[in-house]
There are 4 protein chains.
Amino acid sequence: MNFVDSKASIEDLKRIVKEFCDDRDWDQYHNAKDLAIGIITESSELLEHFRFKSEKEIEEMFKDARKKSEISEEMADVFYFLLRLAQKYDIDLSSELNKKIAHNEKKYPIEKSRGSNKKYTELL
Amino acid sequence: MNFVDSKASIEDLKRIVKEFCDDRDWDQYHNAKDLAIGIITESSELLEHFRFKSEKEIEEMFKDARKKSEISEEMADVFYFLLRLAQKYDIDLSSELNKKIAHNEKKYPIEKSRGSNKKYTELL
Amino acid sequence: MNFVDSKASIEDLKRIVKEFCDDRDWDQYHNAKDLAIGIITESSELLEHFRFKSEKEIEEMFKDARKKSEISEEMADVFYFLLRLAQKYDIDLSSELNKKIAHNEKKYPIEKSRGSNKKYTELL
Amino acid sequence: MNFVDSKASIEDLKRIVKEFCDDRDWDQYHNAKDLAIGIITESSELLEHFRFKSEKEIEEMFKDARKKSEISEEMADVFYFLLRLAQKYDIDLSSELNKKIAHNEKKYPIEKSRGSNKKYTELL
């Protein structure tokens with residue numbers, strides 16, 4: 001199996017996460033609350049890279065291979081816990097994403113939201 | 001295109017996210033810091049469902065179709081921002097996840113971590 | 001000045017935080033967005049201590065002087081950024097807390113919320 | 001009792017939080033993990049106000065009385081859970097803050113950190 005975004009499906013990725021956890025017998029610890037804590041704590045490590053940094057400094061980070069790799073690792077940690085939660089509770093992330101996009105197309109109609117950073121509750 | 005976990009590739013999912021954002025001309029707002037804020041704030045909405053709830057109450061939530069759907073929506077929101085960040089900065093989530101798993105197989109060797117909730121720094 | 005909870009006011013604490021930051025000329029970096037990022041990233045380091053730990057294991061942590069001290073340090077980090085944000089934008093935390101408690105007394109009337117973990121939106 | 005930052009001690013604030021919770025018999029739900037979840041989820045609601053907003057837009061928010069009040073309320077929510085965690089586990093926030101500042105004075109010596117947004121690990 002070639003694990004690249006052009007080929008891997010979410011099901012492929014769920015499978016390698018499940019195998020990793022099954023090998024360690026971690027079902028007993030991986031309840032939804034702790035997995036959601038996993039997601040948020042790893043999201044925080046991602047965000048921490050950008051704390052007190054200007055937009056220009058952050059753009060430079062992504063041009064630095066080592067720094068970009070560190071940031072990508074934090075994203076993989078978030079993804080790992082998200083996949084694990086989806087796998088354990090039988091949630092289809094692809095169809096949920098697709099539904100969400102369809103839903104947001106209504107909340108953020110193009111003619112009102114184009115070029116705007118307003119929240120849907122603020123759109124006139 | 002059938003957006004289900006067994007068929008969609010990560011690239012397919014990145015594409016629908018990109019189209020949604022391009023249609024709204026949101027590149028100007030979607031810098032890495034704000035996208036990382038997007039990830040953590042949506043992670044928090046996911047976690048909030050479980051606040052002060054017991055493990056038993058949480059397991060019941062996943063048996064309730066409406067509640068499970070609400071939780072799944074929060075997961076889609078996290079996923080949306082994660083995909084958008086990866087798409088904008090050209091990060092291959094599948095290969096990052098695969099590398100991370102390989103890395104964690106060393107940090108958490110099966111014989112030491114099996115059945116244990118210890119952090120790798122606590123494993124003897 | 002004796003910095004203990006029985007004597008120190010929020011104003012005293014804001015003052016030492018302000019002096020620390022002024023000495024380093026950090027006003028230029030301490031905008032509201034980055035200070036709020038400070039609060040959430042430190043909150044996450046606090047929460048991470050409890051990830052995958054049972055209630056019993058966590059209660060043990062607070063009986064271990066070194067572990068309790070580590071946890072208390074994370075709380076100080078959250079408090080530092082909260083005070084700094086309040087000090088910079090002239091927000092009176094004591095009166096805000098007092099108002100919030102008064103507000104929550106209405107949202108959570110004793111007769112309905114006593115012994116219950118329901119959110120106010122779920123209270124009949 | 002006058003609940004303003006110039007007069008209230010942290011102990012006074014802990015006391016009103018404790019009374020509010022005791023009246024509702026919430027000790028049973030207020031374990032450290034869920035209180036830390038309380039802190040981070042409220043931190044996230046604070047941060048969400050600033051998502052996708054420019055520094056200029058955020059400065060305007062603080063000049064708008066209603067918006068400033070909304071932001072201050074989120075800060076009160078964070079503070080409430082921080083005080084509750086400290087009160088329940090007998091942690092003196094003032095002395096912890098004071099120790100942290102003393103510690104950070106060493107990690108961030110004025111001559112090296114003045115005018116710099118570098119993390120202590122990046123200071124030469």
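These numbers come from the heavy atoms of this one structure, side chains and all, not from hydrogens, waters or symmetry mates. We name chains A, B, ... by the order of the sequence lines, and we start the count at 1 in each one. Everything numeric here is computed off the predicted structure, so don't read it as measured data.
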What's the separation between atom [atom1] in [X] and atom [atom2] in [Y], rounded to the nearest 0.5 Å?
X     : Y     : atom1 : atom2 : result
D:L83 : D:L35 : CG    : CG    : 11.0 Å
D:I37 : A:I37 : CD1   : CD1   : 4.0 Å
A:L82 : A:I10 : CG    : CD1   : 8.0 Å

> Can you tell if the side chain of D:F81 reaches within under 4.5 Å of the side chain of D:I40, non-hydrogen atoms only?
Replying inline: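 No - every pair of side-chain heavy atoms lies 4.5 Å or more apart.
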> Are side-chain heavy atoms of D:V17 and D:F79 found at a separation under 4.5 Å?
Replying inline: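 No, their side chains stay 4.5 Å or more apart.
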> Can A:L47 and D:L47 be said to form a side-chain contact (heavy atoms from CB on, under 4.5 Å), step by step?
Replying inline: CA-CA 12 Å; A:L47 181 57; D:L47 181 58; 4.2 Å; yes
Please list every donor-acceptor pair closer than 3.5 Å that links chain A with chain D, giving the two atom names and the distance for each.
{"residue": "A:K33", "atom": "NZ", "partner": "D:D34", "partner atom": "OD1", "Å": "2.8"}
{"residue": "A:K33", "atom": "NZ", "partner": "D:D34", "partner atom": "OD2", "Å": "3.1"}
{"residue": "A:D34", "atom": "OD1", "partner": "D:K33", "partner atom": "NZ", "Å": "2.8"}
{"residue": "A:D34", "atom": "OD2", "partner": "D:K33", "partner atom": "NZ", "Å": "3.0"}
{"residue": "A:E48", "atom": "OE2", "partner": "D:K119", "partner atom": "NZ", "Å": "3.2"}
{"residue": "A:F52", "atom": "O", "partner": "D:N117", "partner atom": "ND2", "Å": "2.8"}
{"residue": "A:K53", "atom": "NZ", "partner": "D:N117", "partner atom": "O", "Å": "3.3"}
{"residue": "A:K53", "atom": "NZ", "partner": "D:E122", "partner atom": "OE1", "Å": "3.4"}
{"residue": "A:E57", "atom": "OE1", "partner": "D:N117", "partner atom": "ND2", "Å": "3.0"}
{"residue": "A:E57", "atom": "OE2", "partner": "D:N117", "partner atom": "ND2", "Å": "3.3"}
{"residue": "A:N117", "atom": "O", "partner": "D:K53", "partner atom": "NZ", "Å": "3.3"}
{"residue": "A:N117", "atom": "ND2", "partner": "D:F52", "partner atom": "O", "Å": "2.8"}
{"residue": "A:N117", "atom": "ND2", "partner": "D:E57", "partner atom": "OE1", "Å": "3.0"}
{"residue": "A:N117", "atom": "ND2", "partner": "D:E57", "partner atom": "OE2", "Å": "3.3"}
{"residue": "A:K119", "atom": "NZ", "partner": "D:E48", "partner atom": "OE2", "Å": "3.2"}
{"residue": "A:E122", "atom": "OE1", "partner": "D:K53", "partner atom": "NZ", "Å": "3.4"}

